[in-house]
**Q** 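Sharing a structure here in structure tokens format.
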Amino acid sequence: MANFEAKAKQIRADVVDSLYAAQSGHPGGSLSCVEILLALYENGVVRYDPKNPQWADRDRVVLSKGHACPTLYAVLADVGFFPREELLTLRKLGSHLQGHPDMNKCPGVDASTGSLGQGMSMSVGYALAGKRPEHHFNVYTVTGDGESQEGIMWEAAMAAAHYKLDNLTVLLDHNGLQIDGTNDQVMSLGDIVAKYAAFGWETCVVDGHDVDAIAAACKAPRCGKPRFICCNTVKGKGVSFMENQVGWHGKPINEEQYKAAKAELGV
Amino acid sequence: MAEIKSTRIAYGEALAKLGAVDDKVLVCDADLAHATMTAFFADKYPDRFYNFGIAECNMMDASAGLAHCGYTVFASTFAIFGAGHAFEQVRNAICYTNANVKLGLSHAGPSCGEDGGSHQAVEDIALMRTLPRMTVIAPCDAVEMEKAVFAAAKTYGPMFIRTGRLPTEVITDESTPFEIGKAVTLREGKDAAIIACGIMVAQAMHAAETLAAEGIECRVINMHTIKPLDNEAVLAAARDCGAIVTAEEHSVIGGLGGAVAEALCGNACVPFERVGIQDRFGQSGTPALLAEEYGLTDKAIAEAVRRAVAKK
């Protein structure tokens with residue numbers, strides 16, 4: 001764990017650096033999913049090859065909550081898909097690091113996302129392809145709790161269960177907040193775990209900031225159903241003045257805040 | 001009497017033929033396989049057919065996912081749902097990512113008949129035409145439909161193929177050329193040009209015959225590809241004939257008429273008339289009565305040509 005604590009701080013610092021350079025973007029939901037993406041890429045869950053991003057039988061990772069892409073970019077750079085210095089081009093004209101992920105521009109990005117719900121349902125297509133006789137791969141999809149209000153999420157959830165997509169794992173970054181307030185203030189999700197279970201998914205709940213617990217949940221034996229992992233997280237995690245603050249969903253970081261955040265992260 | 005066959009049946013048959021020669025072809029539907037006619041493919045290749053149930057948006061995104069794993073995906077539903085309900089998925093998952101997905105969307109236009117205005121897409125061409133990377137094809141008959149399906153499978157990228165419910169005249173044959181983006185001149189004439197797509201091409205041919213008896217000779221152009229539009233054919237028609245009439249089973253706003261107007265604008269100044277649906281929704285009725293009601297007939301085209309020629 002100590003290993004991942006240091007790594008998580010470094011990724012958070014990269015996220016803060018790139019968002020500060022961009023002077024726009026989404027700090028809160030990026031900081032909440034750091035451990036989820038570390039578990040996928042750096043704890044032996046996802047099969048990938050940074051030297052061959054288009055490898056046909058790679059596992060697919062879909063960041064369905066696409067606005068959290070600064071974290072995806074930081075992790076992709078960390079594992080060697082592109083040089084870390086490029087993180088500072090986030091959201092700038094001509095950069096392959098678009099404000100929301102673009103699979104045709106950024107090596108390692110498996111799905112263009114940004115319109116919430118789209119990544120989830122594209123994942124159903126990927127998972128169907130991954131089970132065809134020509135292929136053999138898994139699909140890992142990171143969703144948001146606000147995103148779960150989109151109707152298409154449930155169209156996709158129904159299809160994944162219908163087609164018994166046991167190569168599909170959905171990890172919910174459940175930080176409880178969205179743009180206009182808490183989930184419960186805006187549109188209650190109710191018992192989100194029970195909802196996935198009712199749709200025919202295998203479900204579990206983990207500490208979304210425990211890299212080993214997330215990875216273990218991903219690696220558990222499959223039972224013929226798509227898997228839903230509810231990762232309980234803190235929005236803005238790691239930067240105290242951003243933690244659990246609705247206002248930090250999408251807001252530029254000023255110089256003073258940047259210095260304070262970096263000091264706290266100690267990187 | 002010409003052969004009568006719907007383009008949706010030709011679409012389904014073509015998919016089944018294509019499935020035999022191309023094992024990378026997958027077909028998706030949203031609980032309308034017996035209406036879009038993808039059932040012909042599903043019956044022969046059930047392991048390459050995915051039914052997404054009544055969830056068109058999910059079908060479009062999932063089709064993009066399948067396509068990005070190396071498949072050519074044909075996704076079908078009614079035009080109103082594929083182009084309308086799932087517009088944003090077609091935009092962001094298919095066109096924005098440049099997925100190799102072909103939308104075979106049926107029951108377009110009032111000729112779908114009794115189901116009424118909620119089901120008669122009159123704006124689908126306009127919607128699809130605005131999307132970067134999207135190719136838009138409205139084949140004129142069942143024979144051309146098969147050629148379009150095979151050409152689509154050979155051409156990478158997002159594509160919309162418009163199909164119809166109504167059995168309509170077959171006016172082309174095996175020897176009629178078909179190339180995506182290249183207009184086909186079906187009849188020569190120097191007094192006016194009728195540029196038509198879909199089932200209105202047959203009506204254009206009938207109109208040209210009527211007009212010839214009055215001494216007005218029309219060039220009839222089958223503009224099966226609305227995007228990319230064959231601008232050269234449009235400008236040549238303006239130059240050679242000096243009057244243009246478009247004809248489509250679609251709103252006159254944003255469809256073939258709109259596309260031809262854009263091509264002419266700034267390049268040619270000729271009398272120009274658009275036959276199509278005049279900014280209205282459809283309604284229930286028999287296809288024949290609806291064609292009269294909405295002015296989608298050979299008579300309406302002939303009248304428009306007379307108006308255009310009179311302004312020369």
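Here is the naming used below: chain letters follow the sequence lines, and residue numbers restart at 1 for every chain.
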**Q** To the closest 0.5 Å, what do you measure between CG (B:Asp230) and CD1 (B:Ile180)?
**A**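 So the gap between those two atoms works out to 13.0 Å.
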**Q** Cation over ring, A:Arg60 on A:Phe137, under 6.0 Å and within 45°?
**A**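 Relative to the ring axis of A:Phe137, which defines the angle, A:Arg60 lies inside both limits.
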**Q** Do A:Arg47 and A:Asp59 meet the salt-bridge criterion of a basic N to acidic O distance under 4.0 Å?
**A**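 A:Arg47 and A:Asp59: salt-bridged.
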**Q** What part of A:Ala156 lies closer than 4.5 angstrom to a heavy atom of chain B: side chain, backbone, both or neither?
**A**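 Both parts, heavy atoms under 4.5 Å.
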**Q** Go through A:His162, A:His135, A:Arg132 and name the one with the most non-hydrogen pairs under 4.5 angstrom from chain B.
**A**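 Most pairs with chain B among the choices: A:Arg132.
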**Q** Are a donor atom and an acceptor atom from the side chains of A:His249 and A:Gln178 found within less than 3.5 Å of each other?
**A**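 Looking only at side-chain atoms, A:Gln178 and A:His249 do not form any donor-acceptor pair under 3.5 Å.
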**Q** Sort A:Asp102 into side chain, backbone, both or neither according to what part of it lies under 4.5 angstrom from a heavy atom of chain B.
**A**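 Side chain only.
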**Q** Can you tell which part of B:Asp23 gets under 4.5 Å to a heavy atom of chain A, answering side chain, backbone, both or neither?
**A**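 No part of B:Asp23 comes within 4.5 Å of chain A.
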**Q** Measure B:Ser63 against the heavy atoms of chain A and call it side chain, backbone, both or neither at under 4.5 Å.
**A** neither
**Q** Counting heavy-atom pairs under 4.5 Å with chain A, which one of B:Cys69, B:Gly70, B:Ala67 comes out on top?
**A** B:Cys69
**Q** Please work out which of the three classes, parallel, tilted or perpendicular, describes the rings of B:Phe78 and B:His107, given edges at 30° and 60°.
**A** parallel
**Q** Which atoms of B:Ile54 come close to chain A, meaning under 4.5 Å heavy atom to heavy atom: side chain ones, backbone ones, both, or neither?
**A**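 Neither part.
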**Q** Which region of B:Tyr50, side chain (C-beta onward) or backbone (N, CA, C, O), has a non-hydrogen atom less than 4.5 Å from a non-hydrogen atom of chain A, or is it both or neither?
**A**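 Backbone plus side chain of B:Tyr50, per the 4.5 Å heavy-atom cut-off to chain A.
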**Q** Is it possible for you to check whether B:Arg48 lies under 6.0 Å from the centre of the six-membered ring of B:Tyr45, through NZ or CZ, and within 45° of that ring's axis?
**A** yes
**Q** Only distances under 3.5 Å count here; give the side-chain donor-acceptor pairs of residues 195-202 of chain A to other protein atoms, sequence neighbours excluded, each with its distance to 0.1 Å.
**A**
{"residue": "A:Lys195", "atom": "NZ", "partner": "A:Leu189", "partner atom": "O", "Å": "2.5"}
{"residue": "A:Trp201", "atom": "NE1", "partner": "A:Ala157", "partner atom": "O", "Å": "2.9"}
{"residue": "A:Glu202", "atom": "OE2", "partner": "A:Arg227", "partner atom": "NE", "Å": "2.9"}
{"residue": "A:Glu202", "atom": "OE2", "partner": "A:Arg227", "partner atom": "NH2", "Å": "3.0"}

**Q** Among B:Gly53, B:Ala64, B:Ala93, B:Cys28, which residue forms the greatest number of heavy-atom pairs with chain A at distances under 4.5 Å?
**A**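 Option with the greatest count: B:Ala93.
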